[in-house]
Structures are given as C-alpha cells and as structure tokens.
Amino acid sequence: MTPRPPTSESRARRRDRRVYTRAHPVLFALLAATRRRPSVRLGTTVLVHGTDAYRQVLTHVPLDRTAAGTTGGAARELSGAGLMFDQEGDHHRNTRRAVAQGLGGAGTERLRPVWRTVLNRHLAPLDAGRPVDLVPAAQELAGATVCALLGTGPGTDPTALAVAAGEAAAAAVRDHLPGPRRPGSARPAAAAAARLEALLATDDDDADDGLRAMLAVAAVNTTVAALPRAVARCADAGLWDQAADDRLRPSLVTELLRVTAPSPLLPRVAAADATADGCPVRAGDRLVLVARHAAGAHDIAPDARRPVAPAVSQLVFGAGPHACPGARLARAQLDDVLAALAPHRPVVVRARVDRRAALPGWRTLAVRAATAAEDR
Ligand code: HEM
C-alpha cells in the first residue's frame, strides 16, 4: 500500500477556517469570542450559538419571515413573494409539498445519473495524474442537477446557470449587509435575479418564475460551497479510508456536512416575545442563528465511526417546518463525490478563498491523486 502523506485534523480545520477568516474576519472573530454562551445579546441583536437555543428558535419562536435582512426577506427581494422561506401555514405547506416531490427518494434517484455524468467527466484527469479543480466541477454538477429538477430547455448551460445563481445570491447578501445601504445597491441584485430567471425561462405558463429562481439559488450556492469544502476536510484529515467504505461513507457524509456547515448563519427576526433555552427574545430582535456552533462544527472532529447524534448533525439543514427539503439530495451528491474520489486518495494542491460568494467557500480547490493508478 502506498504510504499516506502526513495529514491531521488540526491542519484540516485550519485550512477550512480560512473560508471564514479571509472573507469575514471581524464577524468570525465576534462569533468565536462569544460562542461559549448559548446566546448573547448585543443591543437588539441576539447571537444564538447553543444547540438547544438554535433548535428552539427554529421550532418555537414566532419569526417574521418577510423582514429585511432575513433569508425570507432576501428571497422576496430576489424574485417576489411566496418563495417558501417567506411563507407560513397552509401557503407554505402547499408550496413545500410541490417542491418536496422532486427532492424525495425517487426524485433524487431520477437526478443521480445527471450529476454522475458531470462528475465522472470532471474527475477523469485524476487517472492521468493531473489535478482537478473541484469548484467548476461543483458548479456544473449543481447547475445540471437544477436544470433537470426544473426541466429547463435543452440549450441551458448548467455552468452559466450556476454562475448566475451565485451572482444573484452574492448581490442579495451585499444588499443586506448591516449598515446604511449604498445608493443603487439594490440594482445589481435585481439585475442578477433577472439574468437567472431568463436562464430558467420555460414555455409552461403555469410555472412560477420566482420560485424556480429561489430553488436554483438555494440548491446551487449550498452545493458549490459544500462539496469542495467537504473534500478538502476529508483529504486534509486523512479520512479516505472511511470514504472508501460503503458502510461508513453515509455517516462520513453527515459528519463532513456537520463540520463544514455550508450555510453557517441563519439571519432571522423575532415576531413576538419568547424565550429560547432560557434566553429572552423580544419582538423585532434580530436573531443570528449560528448553525456552525449549534452543530459542534468548531469543536467535535468528524468521525464516521463515532458520529454525533443525528438530531445535532441535521441542524446544519435547519429545523422545524422550514428545514431544508434538499438535504437528501445534498447528502446523495456528496456521497457520490466521495465514492468517486476515494480510490485516488486525493490531496489538496491549491486552495483559494472566494471572498465574494454569498456562502463561505473556495474559488479554487484543486486536488491531485496521491496514489499512482497502478496501485489501485
Ligand atoms: C449542503 C447543502 C445544503 C445545506 C447546508 C442547506 C441548508 C439549508 C438551511 C439551513 C435551510 C433553512 C432551514 C430553516 O430555516 O430551518 C434551508 C432551506 C431550504 N433549502 Fe437547503 N441546504 C442545502 C441544499 C439544498 C438543495 C440541494 C436544495 C434544493 C434542491 C435546497 C433547497 C432549500 C429550500 C427550498 C429551502 C427552504 C425551505 C422552507 O423554507 O420550507 N437546499 N437549506
């Protein structure tokens, strides 16, 4: 067996932390400094770090789902109202039912050949000892999956779709950063959303253009952030043996998504007075839900043999009635990526942070096979 290059959990953690510290150093320092307490009030903003407090806010605290600066508010400004994140009650249940159909077990299996084809093509250079950048691979994989999910026309370019979804999300985040809005800052966000909707256009008069755009943004940005980060963590921590084991891999997938927490902060606004794990919350308070800390991403190393409880690891997909309907799809995609890479035991050869993306992630994440082809 070829000796493995030196790897370590601390190196894996250090590299992954760069996606936060290079893009948002002040915010990361503030959250790290306050994380030992389940929740911390700073004026009318409450930082929620604790596992129970995070879960209770999402399941028991009434939330203003249309408030500016929240995910629901951003979704509305992106492409209109009725986009799941901003909905409540029956309206929400009906939209969710329609969306969930395409994302259940059968829906995921229908989409699987689409992303596997893209994956196999992108990873082929590893066989010849050449490096592969996993960011464009993740973009095309996510774009192609969304095209198939939403039934776009045959001419739709999956990578162009992924780039447009990335720009729409990044512009929406810039538009919602704390502090006074820069004049005209809403214009690029609206233009990016319009470009995305044009790419997703369909002949079906009943199709909801806004909902399609929101789904594309939700699916693409999380996937493009998640896959390269998870692979880098796996490679740096030397977890390819677990990735190669069909019985352990599902658990490794869950653990890697837990420690990378691709959607690390959920901005919400309280709609009424309440308490979350003993912390009083007042109507109108801005709540910053730190999924990364609630799921123990910062202090419990990933290990498929000793995974944390599912009730904790699944918090990176939210909780309660709005919990992510794409979780099954996201897990299946990472499972396939790890299974395809594991025989190569790849190492990271180049990594550059994407400072403009809506979610913390890599702009470049190149890997190369550590094992020679004849050893496999
Ligand atoms: C690793 C990948 C992903 C992560 C970490 C993630 C995370 C999340 C989180 C934290 C939420 C908010 C949950 C809450 O408020 O309780 C959410 C909601 C949502 N996600 Fe994902 N997501 C991922 C992939 C996807 C994919 C692939 C899709 C679609 C194909 C998707 C579609 C959605 C939708 C539509 C919602 C809104 C649900 C609602 O409001 O009812 N997500 N996701």
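Atom set for the values below is all heavy atoms of this structure, side chains included, hydrogens, waters and symmetry mates excluded. Being a predicted model, the structure only gives us computed values, none of them experimental. Just so you know, residue 1 is the first one in the sequence shown, and it goes up from there. In each ligand, atom 1 is the first atom listed, and ligand 1 is the first ligand listed.
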Under the rule for side chain to side chain donor-acceptor pair (under 3.5 Å), what residues qualify as partners of T66, not counting sequence neighbours?
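Applying side chain to side chain donor-acceptor pair (under 3.5 Å) to T66 gives D64.
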
What residues form a side chain to side chain donor-acceptor pair (under 3.5 Å) with W362, not counting sequence neighbours?
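By the side chain to side chain donor-acceptor pair (under 3.5 Å) rule, W362 matches no residue at all.
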
Check the side chains of D303 and Q242 for a donor-acceptor pair under 3.5 angstrom, ignoring hydrogens and angles.
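Note: Q242 and D303 side chains meet the donor-acceptor criterion.
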
Atom pairs and distances, donor-acceptor, side-chain atoms in residues 293-301, under 3.5 Å, two or more places apart:
from, atom 1, to, atom 2, distance (Å)
H293, ND1, H49, ND1, 2.9

Any side-chain heavy atom of L58 sitting closer than 4.5 Å to one from L289?
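L58 reaches L289 side chain to side chain.
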
Measuring from each atom of ligand 1, which residues have a heavy atom under 4.0 Å away?
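Correct list: L58, M84, F85, H92, R96, L103, L215, A218, A219, T222, A226, L257, P262, L266, R268, V316, F317, G318, A319, H322, A323, C324, P325, G326, L329, A330.
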
Minimum heavy-atom separation for L126 to R368, with atom names?
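Looking at all heavy atoms of both residues, the closest pair is CD2-CA, 4.1 Å.
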
